[in-house]
Amino acid sequence: MNPPSSTSKYSVILPTYNERKNLPIIIWLIAKTFTEHQLDWEIIVVDDASPDGTQEIAKQLIGVYGEDRILLKPRAGKLGLGTAYIHGLNFCTGEFVIIMDADFSHHPKFIPEFIKLQQTYNLDIVTGTRYRKTPTPRLADSVTPAGGVYGWDVKRKLISRGANIFADTVLSPGVSDLTGSFRLYRLPVLRHIISLAQSKGYVFQMEMMVRAQALGYTVGEVPITFVDRIYGDSKLGADEIVGYAKGVFQLFAGV
Amino acid sequence: MTRAQRVLATAGVVAIGYSLLFFSILPVPLLEPEAVDSILPVLPWWALVTFGAYCLGRLGWHVMTIRDCPEAYHELMSEISAAKNDLRAKGVTVD
């Protein structure tokens with residue numbers, strides 16, 4: 001793949017809670033990716049008063065990478081993802097914002113691919129998808145097959161796909177992976193959509209895509225590999241499923 | 001207009017159109033009356049079953065075709081080791 005060349009600056013907002021073990025590594029990977037592709041970057045760590053010393057580690061990393069590259073912007077308590085992004089947005093100095101998880105389910109190596117798609121089609125938003133094998137709109141020199149998941153058994157795949165098809169039928173959002181949270185946004189676009197968003201958790205991620213489509217922003221998708229939960233277990237109970245269905249219907253009726 | 005409103009409006013139009021045909025207020029142009037009588041009453045149920053079958057088919061297809069990526073996992077594991085070594089050398093506390 002031809003690497004993207006860009007003079008824009010890219011801000012990564014990384015909300016953290018108890019990520020002492022993962023934070024240095026994910027920052028190392030992000031820094032490596034941006035440096036290898038000669039892109040201007042910064043990471044904004046929004047830590048919700050982690051009791052495990054995440055902020056200490058962040059300060060050490062500031063020492064290694066520099067205050068202009070890593071910004072630590074903590075908050076007083078566990079206040080939720082949407083507000084973490086809003087908080088982080090106040091400190092972004094880049095033209096583009098990337099949001100992603102700090103638990104290695106999202107690999108920074110896909111960021112240059114997001115950037116390339118965005119530049120090729122001048123998109124407002126690029127989202128990573130676990131369910132497609134090629135980017136949309138099409139890129140001539142994309143590597144195939146691409147994308148996928150690791151660590152999902154059949155039951156998990158059924159639940160995930162079922163939820164996705166349900167949301168897709170009800171909302172027709174135009175993206176194949178609605179609950180994904182590995183995305184690149186133009187800064188003003190993210191600001192605009194976030195100011196309208198009302199839900200929490202993964203419904204929040206869905207709402208962003210649905211609102212983006214309703215507002216006419218252009219969205220592209222890049223296949224990503226999603227390595228699920230290399231540390232710890234994922235629990236999906238009946239409550240979550242009901243919450244998800246409610247979230248989808250709220251978006252159906254509200255956007 | 002929200003998506004819900006659009007869907008309800010479309011559904012309303014379709015329902016009205018269907019009712020007009022069903023109650024013979026409007027004639028069905030190309031088919032004989034016997035054919036119309038046997039098809040029209042079951043059309044909604046047919047649509048429902050077809051939709052259900054389509055959704056199930058889609059679900060099965062997509063579950064079968066999600067790609068597994070063990071190579072991504074292994075690549076990630078070795079990158080994590082490399083990162084840990086490099087960071088320790090630079091003085092960052094890595095558990």
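Throughout, a chain's letter reflects where its sequence line sits, starting with A, and its residues are numbered from 1.
- Panel note: side chain Gln60(A), backbone Thr93(B); a donor-acceptor pair is recorded below 3.5 Å.
- Heavy-atom neighbours of chain B within the stretch residues 247-255 of chain A, taken at a separation under 4.5 angstrom, comprise Phe252(A), Ala253(A), Gly254(A), Val255(A).
- Rounding to the nearest 0.5 Å gives a distance of 11.0 Å between CE of Met64(B) and NZ of Lys157(A).
- The two residues Arg3(B) and Thr169(A) come nearest to each other via the heavy atoms NH2-O, 3.5 Å.
- For Arg88(B), the side chain to side chain contact (heavy atoms under 4.5 Å, CB included) partners at least two apart in sequence or on another chain are Lys84(B), Asn85(B), Val94(B).
- For Glu36(A), the CD atom counts as densely surrounded, since its 6.0 Å shell holds more than 12 non-hydrogen atoms of other residues, nucleotides or ligands.
- Ranked by heavy-atom pairs under 4.5 Å with chain B, the list Gly162(A), Pro223(A), Ser172(A) is led by Ser172(A).
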Could you walk me through whether Lys133(A) and Thr65(B) pass the side-chain contact (heavy atoms from CB on, under 4.5 Å) check? CA-CA 10 Å; Lys133(A) 300 193 172 62; Thr65(B) 56; 4.2 Å; yes
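- Tyr150(A) is not listed as a side-chain neighbour of Asp68(B), based on a closest heavy-atom distance of 4.5 Å or more.
- Using a 4.5 Å cut-off between heavy atoms, Leu23(A) makes no contact with chain B at all.
- With hydrogens and angles left out, the side-chain atoms of Glu75(B) and His107(A) include no donor and acceptor closer than 3.5 Å.
- Looking at Val210(A), there are no atoms closer than 4.5 Å to chain B (heavy atoms on both sides), in backbone or side chain.
- In this structure, the side chain of Arg161(A) does not engage the main chain of Leu59(B) through any donor-acceptor pair within 3.5 Å.
- Residues of residues 61-74 of chain A lying under 4.5 angstrom from chain B, judged on non-hydrogen atoms, are Leu61(A), Val64(A), Tyr65(A) in numerical order.
- Contact record, Ala83(B) with Trp28(A): CB-CE3, 3.3 Å, taken as the closest heavy-atom pair.
- Counting heavy atoms of neighbouring residues, nucleotides and ligands inside a 6.0 Å radius, atom CD of Glu56(A) does not exceed 12 of them.
- Put simply, CG on Leu76(B) and OG1 on Thr225(A) are 8.5 Å apart, with the number rounded to the nearest 0.5 Å.
- The stretch residues 46-53 of chain B places Phe51(B) near chain A, each with some heavy atom under 4.5 Å from a heavy atom of that chain.
- Residues Cys69(B) and Gly148(A) come closest through the heavy atom pair SG-C, 3.7 Å.
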